[in-house]
*Asks:* 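My structure is below; once you've seen it, I'll send some questions.
Being a predicted model, the structure only gives us computed values, none of them experimental. Computation of the quantities below employed the complete heavy-atom set of this structure, encompassing side-chain atoms and omitting hydrogens, waters and symmetry-equivalent molecules.
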Amino acid sequence: MTDPSEIVAFDETRLDKVRALRENGVMPYPHTFDRKNTIQEIKSRFADITHEKSVDSVSTAGRLYIIRNHGKTLFADLGDGTEKIQLYIRKNDVGDAQFDFFNQYLERGDFVGVTGHVFRTKLGEITIWVDTITLLCKAVCPLPEKFHGLKDIEKRYRQRYVDLIVNDESRQTFRNRSRIISLIRKFLDELGFLEFETPILQPVDGGANARPFTSYHNCLEQKLFLRIAPELYLKRLAVGGFERVFEIARNFRNEDIDTHHNPEFTMVEIYWAYRDFRDMMALTEDFLTYIVTSICGTDKVTFEDTTINFGKRLKKLSMADAVKEYTGIDIFTHTVEELRTLAQQNKLDEYEKPQTQREFLVLFFEGMVEEKLIQPTFIYDFPVENSPLAKRHREKEGFTERFELFIYGMEVANGFSELNDPVDQKERFEAQDEKRRLGDLEAQMIDYDFINALGYGMPPTGGVGIGIDRLVMLLTNNNSIKEVILFPSMKKLTEGEEESEEIAGTKNGQKPVSG
RNA sequence: GGGUCUGUAGCUUAGUUCGGCAUAGCGGCGGACUCUUAAUCCGCAGGUCAAGGGUUCAAAUCCCUUCAGGCCCGCCA
């Protein structure tokens, strides 16, 4: 296919119409229209209308979706941001000039404004009996086919605007995404949380184990990273005295793309002083119950033929108990060598790597349990080695007070009692740094300023991050993250030199085009 | 990174097994039609068969390479 950003695909006959309109003194792109009613308003206000025309007149505007021409009369479907409504246009009523104008110049995809009266047709459809019609915007790209619409998945992602024009389900998905975001704000606002924006460009990358995107600041002459998580900055706020904070954060991870990963994705991260990981599990439960019932009207969600139950008390298992329950293996009753044999028998890759029971615990959990966690399940008590920002467990040596929430095999939330011992944090960072030296590109960098911040004292704090994209997937029954991200990352189609600021600067002094 | 499937008109697609004139519907254009709703009826135009190469008298079809995408696996909390 052609890349629409590189090649303009205007329809010649539509361009001809634009020219003809201008020659006839008609503005193809007028500045405004006095819309007095949305289609939704009209439909609810005249819900009981009969075949008789309404006394009151209406004025509304939108895009022409379908035109059914009957000679001296025609029907059309008009859609705005709310709904669609049928138009009925008669030559007798609008006059020869307007009627011929419509037939000659207006077509699917154009925006028009109409005035008229409301009535119900013989077949029962609420319809606007049009008195006047005005062209508001002439579309020069043709719409996809009226019945099948736009099915091509790639084109739906690359040209989301077309997808949104013609695919109602897609528009519904993103309407729900927007509602979920505002419900998150409402939920946290009512609990007294403050929303902040922390740096996206960070000199030291941290807060998660992931490969970052790198950028460069010309004047500072220094490398900057696009954040992989807002965590370390939000915790600085806890140090600073903000006791309930959150951020709806776009994170960037320079990793592979698949149905559950997009290079940029959205999380809400929440920090609450004088709370621990159990409190944050409870908060996460309340949060989910609130969002799910608000969006779906019930605490049950259907996802790919599976009913997912978000009833108040979600399942909670320690990682060790989860492994025991789903695999029958009781990790801490076996020696490391026995575990290696079991891992090999269960065809777990990398069964040779782990050196401790705790490492085998993670191996068995990730390899055999995660995918089976269909109903929402909290898994808690993670080994300290792969939780460098979580506080040590108050009872279990070698573990941290950390949990993750799994739904349909996906990790949806991750939280813990935040590590606030600055010396311990420094040692954990140093252990991560050692992994970096050994080639682990996802191990964390040492953030000395963050360590210093902890040195000033951070109250006992609970934190949790919840993946918004995956939550939206679950609540809108979409099995790909690209279906819930408006403009998912796609490989560019055209060949040729990579545009850079320097190259752009040499082209007749033109400003570089962003994008 | 591996496997697999897909790419044909603006859109939805037939044709690929087994090589033989490039299909249709919608949309567009012209015509008929004053309560249709995927309106209907008649006619016309519209193609770099993703790109490049090869085999062949002949390639959308077979072979190779490349590009993009879907799905599965791996990687990635």
*Asks:* Tell me the partner of B/rU17, counting only Watson-Crick (N1-N3 plus N6-O4 or O6-N4) or G-U wobble (N1-O2 and O6-N3) with both under 3.5 Å; none if nothing fits.
*Replies:*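 Checking every strand shown, B/rU17 finds no partner, since no pair has both distances under 3.5 Å.
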*Asks:* Considering residues at least two apart in sequence or located in another chain, which fulfil the salt bridge (Lys or Arg N to Asp or Glu O under 4.0 Å) criterion with A/Glu370?
*Replies:*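 Salt bridge (Lys or Arg N to Asp or Glu O under 4.0 Å) list for A/Glu370, sorted by chain: empty.
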*Asks:* Counting only Watson-Crick pairs (N1-N3 plus N6-O4 or O6-N4) and G-U wobbles (N1-O2, O6-N3), all under 3.5 Å, who is the partner of B/rA58?
*Replies:*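 Matched B/rA58 with nothing under the 3.5 Å cut-off.
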*Asks:* NA contact type, A/Phe119, heavy-atom cut-off 4.0 Å: base, sugar-phosphate, or nothing?
*Replies:*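 Counting heavy atoms under 4.0 Å across all strands, the contact made by A/Phe119 includes a base.
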*Asks:* Looking only at non-hydrogen atoms, find the nearest pair between A/Pro144 and A/Val166 and report the distance.
*Replies:*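 Heavy atoms of A/Pro144 and A/Val166 come nearest at CD-CG1, 4.0 Å.
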*Asks:* Taking A/Lys138 first and then A/Glu107, would you say they form a salt bridge - that is, a charged N and a carboxylate O separated by under 4.0 Å?
*Replies:*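 Judged by the 4.0 Å cut-off on N to carboxylate O distance, A/Lys138 and A/Glu107 do form a salt bridge.
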*Asks:* So A/Ser318 and A/Asp321, side-chain hydrogen bond (donor to acceptor under 3.5 Å, both in side chains) or not? Walk me through it.
*Replies:* CA-CA 5 Å; A/Ser318 72; A/Asp321 286 344; 3.3 Å; yes
*Asks:* Distance between the C1' atoms of B/rG47 and B/rA9, in whole angstroms?
*Replies:*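 Per the computed distance, 6 Å lies between those C1' atoms.
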*Asks:* Taking all non-hydrogen atoms of both residues into account, name the closest pair between A/Lys84 and A/Gly79 and its distance.
*Replies:*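 For A/Lys84 versus A/Gly79, the nearest heavy atoms are CG-CA, 3.7 Å.
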*Asks:* Please report the distance separating the C1' of B/rA50 from the corresponding atom of B/rC5, rounded so that it comes out in whole Å.
*Replies:*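 It works out to 15 Å between them.
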*Asks:* Between A/Lys391 and A/Asp424, is there a salt bridge with N-O shorter than 4.0 Å?
*Replies:*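 Answer for the salt bridge query: no.
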*Asks:* In whole angstrom, give me the gap between the P atoms of B/rG28 and B/rU17.
*Replies:*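 Here B/rG28 and B/rU17 have their P atoms 36 Å from each other.
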*Asks:* In whole Å, what is the span from the CZ atom of A/Phe147 to the P atom of B/rA38?
*Replies:*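 Value for this atom pair: 8 Å.
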*Asks:* Does a side-chain N or O of A/Lys151 approach OP1 or OP2 of B/rC26 to a distance below 4.0 Å, or not?
*Replies:*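 Answer is no, no contact under 4.0 Å.
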*Asks:* Between A/Lys146 and B/rA39, is there a contact of a side-chain N or O with OP1 or OP2 at under 4.0 Å?
*Replies:*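 Affirmative; the distance criterion is met.
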*Asks:* As a test of reading the structure: which of B/rC26, B/rU36, B/rU34 is closest to the side chain of A/Tyr88, going by heavy atoms?
*Replies:*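 Between B/rC26, B/rU36, B/rU34, the one nearest the side chain of A/Tyr88 would be B/rU34.
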*Asks:* In whole Å, what is the span from the CG atom of A/Asn167 to the P atom of B/rC11?
*Replies:*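 A/Asn167 atom CG is separated from B/rC11 atom P by 14 Å.
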*Asks:* Is A/Arg68 close enough to B/rA39 that one of its side-chain N or O atoms is under 4.0 Å from OP1 or OP2 there?
*Replies:*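 For A/Arg68, the contact criterion (side-chain N or O under 4.0 Å from OP1 or OP2 of B/rA39) is met.
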*Asks:* When you compare B/rU23 with B/rA60, how far apart are their P atoms, in angstrom units rounded to a whole number?
*Replies:*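 Between the two P atoms, the distance is 12 Å.
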*Asks:* Within the pair A/Lys155 and B/rG7, is there a side-chain N or O less than 4.0 Å away from OP1 or OP2?
*Replies:*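 So the side-chain polar atoms of A/Lys155 never come under 4.0 Å of the phosphate oxygens OP1 or OP2 of B/rG7.
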*Asks:* Write down the distance between CG (A/Asp163) and C1' (B/rC11), rounded to a whole number of angstrom.
*Replies:*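 Those two atoms, CG and C1', are 14 Å apart.
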*Asks:* In whole angstroms, how far is the P atom of B/rG46 from the CD atom of A/Glu12?
*Replies:*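 That distance rounds to 15 Å.
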*Asks:* Can you list everything that forms a side-chain contact (heavy atoms from CB on, under 4.5 Å) with A/Arg90? Sequence neighbours excluded, please.
*Replies:*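 Expected list: A/Thr73, A/Tyr88, A/Asn92, A/Asp93, A/Trp129.
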*Asks:* If you check the A/Gln86 side chain, which of B/rU12, B/rC11, B/rU36 turns out closest?
*Replies:*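 Given the options B/rU12, B/rC11, B/rU36, the side chain of A/Gln86 is closest to B/rU36.
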*Asks:* Quantified in whole Å, what is the P atom distance between nucleotide B/rG69 and nucleotide B/rA24?
*Replies:*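 Roughly 33 Å separates the two P atoms.
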*Asks:* Starting at atom CZ of A/Arg158, determine the distance to atom P of B/rA68, rounded to an integer number of angstrom.
*Replies:*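 Interatomic distance, CZ of A/Arg158 to P of B/rA68: 9 Å.
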*Asks:* For nucleotides B/rG3 and B/rC18, find the distance between their P atoms and express it as a whole number of Å.
*Replies:*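 Those two atoms are separated by 24 Å.
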*Asks:* Taking for each residue the nucleotide of RNA chain B bearing the nearest heavy atom, is the 5' side occupied by A/Thr73 or by A/Leu143?
*Replies:*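 Nearest nucleotide further toward 5': that of A/Leu143.
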*Asks:* Sugar-phosphate means primed atoms, P, OP1 and OP2; the rest is base. With that split, encode nucleotides 70-77 of chain B 5' to 3' as B, S or - using protein heavy atoms under 4.0 Å.
*Replies:* SSS-BBBB
*Asks:* Between P on B/rU36 and OH on A/Tyr65, what's the gap in Å once rounded to a whole number?
*Replies:*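 Taking atom P of B/rU36 as the reference, OH of A/Tyr65 is at 24 Å.
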*Asks:* On the ring face of A/Tyr408, is A/Arg470 found with NZ or CZ under 6.0 Å from the centre and within 45° of the axis?
*Replies:*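 The answer is no; the distance or angle limit is not met.
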*Asks:* Please find the pair of heavy atoms, one from A/Ala61 and one from A/Ile39, that lie closest to each other, and give the distance.
*Replies:*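 Shortest heavy-atom contact: O-CD1, 4.5 Å.
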*Asks:* Could you state the atom-to-atom distance from CG of A/Leu74 to P of B/rU36 in whole Å?
*Replies:*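 After rounding, the reported distance stands at 14 Å.
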*Asks:* Is the base of B/rU37 touched by the side chain of A/Asp77 through a donor-acceptor pair closer than 3.5 angstrom?
*Replies:*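 By the distance-only test, no, there is no pair.
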*Asks:* Could you measure between the two P atoms, the one in B/rC57 and the one in B/rU40, and give it in whole Å?
*Replies:*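 About 49 Å, rounded to a whole number of Å.
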*Asks:* Sticking with atom P, work out how far B/rA59 lies from B/rC63, rounded to a whole angstrom.
*Replies:*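 Per the computed distance, 16 Å lies between those P atoms.
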*Asks:* For the NZ atom on A/Lys151, are there more than 12 heavy atoms of other groups (residues, nucleotides or ligands in this structure) within a distance under 6.0 Å?
*Replies:*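 Yes.
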*Asks:* Does any nucleotide pair with B/rU65 by Watson-Crick or G-U wobble geometry, both distances under 3.5 Å, and what is it?
*Replies:*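 Looking at the geometry, B/rU65 pairs with B/rA51.
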*Asks:* Could you check which nucleotide pairs with B/rG27 in any of the strands shown, counting Watson-Crick or G-U wobble with both distances under 3.5 Å?
*Replies:*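 WC or wobble partner does not exist here.
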*Asks:* If you assign each of A/Lys122 and A/Leu150 to its closest nucleotide in RNA chain B, which residue comes earlier from the 5' end?
*Replies:*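 It is A/Leu150, whose closest nucleotide lies nearer the 5' terminus.
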*Asks:* Measure from NE2 on A/His70 to P on B/rA38 and round the result to the nearest Å.
*Replies:*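 Taking atom P of B/rA38 as the reference, NE2 of A/His70 is at 11 Å.
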*Asks:* Pairing check on B/rC76: which nucleotide meets the Watson-Crick or G-U wobble criteria with it, both distances under 3.5 Å?
*Replies:*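 Checking every strand shown, B/rC76 finds no partner, since no pair has both distances under 3.5 Å.
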*Asks:* So, OP1 or OP2 of B/rU34: does either fall under 4.0 Å of a side-chain N or O from A/Lys91?
*Replies:*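 Indeed not, no polar side-chain atom of A/Lys91 lies that close.
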